[in-house]
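Worksheet for the structure shown next.
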Amino acid sequence: MPADAPKLKLYNTLTRKKEAFEPLDPNTVRMYVCGPTVYDFAHIGNARPVIVFDVLYRLLRHLYGAERVIYARNITDVDDKINARAVRDFPDLPLNEAIAKVTETTASQFHKDVAALGCLEPTYEPRATAHIDGMIAMIETLIAKGHAYAAGGEVLFRVSSMAEYGQLSGRNLEDNIAGARVAVESHKENPADFVLWKQSSENEPGWDSPWGRGRPGWHIECSAMSKALLGETFDIHGGGLDLIFPHHENEIAQSCCANDTSQMARYWMHNGYLQVEGKKMSKSEGNFVTIHDLLETEKFGGRKWPGEVLRLAMLMTHYREPIDFSVARLEEAENRLAGWQRAADGSKAVEPDASALTELSDDINFSRSASVIDAMARKANRGESGAAHCLAATLTFLGLPLDSLITSDAVDTWSVDDQIQARLGALAAKDFSFADGIRNKLAEQGIQLMDYKDPETGERRTKWEVKR
């Protein structure tokens, strides 16, 4: 990392504080983020972690070098919800074929959606079904070390075997037992013990194992996949706030106990919850919105929304804070992005602005970074040397492209006023070519300028109005 690069700080859920980021290996940064379970189109809540950790991925690549950052985001393609969807949608097909149709269709749609949101492809995108052997091997290790046991046709993790269980969520074992959303079954030693492996019937997908034909529990999948791709301990593990307990808590238990390590990941990062138009998103509320709905249909706000607008709307709230996703938020993002793009239009990307990156490096503080971008846009509108090029580079870095300009009916008043002041300065300096360029650029946006003399001072003034 260059000596003058901004120092990255990240809020660590594990320690409940913001910490300076230092990778385990100075030559390689390793990050794992929980991806989708591919049984249906990804909803707008699924988009938030994808966008948030894409920005972090871009920042890490900038700070450490693209070739030195490994980003794994998994796909869960074995799950009871997938099985149910396969049976419902393809009742005439053998189950394995039906499951393949569901997972391939929904995974393909997910890739299309997140690409439209401006997200880079991760280094690795492991699928659970390709890592079954690793899961079985980890479960065997846990049993051998006394951390797991077979009972009632299942293999269960023995939570009492790990003194530190609950360190991520801050819940002690008694709290976990009281709040566990699991059936208290007679074969469990403890109600909080969770499934590592479960039996499969003839009508369910399954793999041969020492405990009979079955399939993995959800939590063991990420432990096995992250170990295979990133090692026993890695730098950053991310996901939504809802995954802290039980999913990430159980990942830590499995991984640390199987690998004899004190940590699975050093920094745990979680984005906040999302609601839609002031309410929790649910199908019963009628406000369940998929990424595909927003991009391709007119179900939300009576129109389609560009992917870069969705991206900016997500980023305008700090990633750890709850977000209310609304039409008004999308309109605000669209107007702001349109102003930025107009100011940078026709410029060549150089290097992103150092101040914007410094703000972003403080726990992905996009709001403060956006304020720097606003200032850059004003400078670009005033014609300050290099400002538009720097603005273009910063927007490109953030995944907010310039190749498809947003058209918005809203007018950036501060942008227009800045351009008018720049034009008046050019006229005073007799740089008529530059002044005409500003007038023409504003005219293309439907903004008509009218020059007049101040009746008291005799100075040139300009007023404007929108003519569309």
Side-chain angles (χ1 to χ4, degrees), residues 33-47 49-50 72-117 119 121-122 124-136 153-155 181 183 195-209 211-222 224-225 239-240 242-243 247 281-300 304 307:
V33 176
C34 288
T37 299
V38 286
Y39 69 96
D40 203 348
F41 285 178
H43 57 70
I44 192 61
N46 300 139
V50 175
R73 185 186 66 216
N74 75 292
I75 283 183
T76 295
D77 59 351
V78 52
D79 182 89
D80 289 346
K81 290 180 180 178
I82 296 174
N83 305 342
R85 179 70 180 266
V87 171
R88 187 194 77 186
D89 290 359
F90 305 102
D92 298 329
L93 290 179
L95 183 60
N96 286 345
E97 291 183 32
I99 288 173
K101 276 189 171 291
V102 169
T103 57
E104 289 306 316
T105 299
T106 51
S108 176
Q109 185 63 51
F110 172 75
H111 291 145
K112 181 181 178 182
D113 288 344
V114 298
L117 297 176
C119 297
E121 292 183 5
Y124 298 112
E125 193 176 53
R127 296 197 177 205
T129 51
H131 289 264
I132 299 295
D133 289 345
M135 298 174 204
I136 291 173
E154 297 179 331
V155 181
R181 292 182 293 175
V195 174
L196 301 173
W197 190 264
K198 50 190 171 183
Q199 286 185 335
S200 292
S201 68
E202 292 183 0
N203 297 322
E204 294 172 323
W207 292 261
D208 292 333
S209 79
W211 318 285
R213 183 176 177 277
R215 60 198 190 280
W218 175 33
H219 314 304
I220 196 69
E221 297 176 7
C222 289
M225 288 186 284
D242 57 313
L243 297 181
H247 186 49
M281 184 171 63
S282 69
K283 292 182 178 178
S284 62
E285 286 283 353
N287 65 349
F288 187 86
V289 184
T290 68
I291 305 171
H292 177 263
D293 288 338
L294 291 163
L295 294 170
E296 302 293 342
T297 75
E298 298 179 355
K299 293 182 180 179
F300 198 72
K304 300 176 183 179

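Judged by distance alone, the side chain of Thr76 and the main-chain N or O of Thr37 form no donor-acceptor pair under 3.5 Å. Checked by atom type and distance alone, the side chain of Glu204 pairs as donor or acceptor with a backbone atom of Ser201 at under 3.5 Å. When atom types are taken as modelled, the side chain of Thr105 and the backbone of Val102 share no donor-acceptor pair closer than 3.5 angstrom. A distance-only check finds no donor-acceptor pair linking the side chain of Thr103 to the backbone of Val38 [under 3.5 Å]. With Asn74 contributing its side chain and Pro126 its backbone, the two residues share no donor-acceptor pair below 3.5 Å. Side-chain N or O atoms of Asn287 include one that pairs as donor or acceptor with a backbone N or O of Ser282 at under 3.5 Å. Panel note: side chain Arg73, backbone Cys34; no donor-acceptor pair is recorded below 3.5 Å.
With sequence neighbours left out, Asp79 forms a salt bridge (charged side-chain N to carboxylate O under 4.0 Å, His left out) with no residue at all. Scored by the side chain to side chain donor-acceptor pair (under 3.5 Å) test, Asp89 finds Arg85 as partners (sequence neighbours excluded).
More than 12 heavy atoms of other shown residues, nucleotides or ligands fall within 6.0 angstrom of atom CD in Glu296. Within 6.0 Å of CZ on Phe110 lie more than 12 heavy atoms contributed by other residues, nucleotides or ligands.
Using bins of under 30°, 30° to 60° and over 60° for the plane-to-plane angle, the ring pair Trp218/His247 lands in the parallel bin.
With respect to Glu154 and Lys198, no salt bridge is recorded, no charged nitrogen being found less than 4.0 Å from a carboxylate O.
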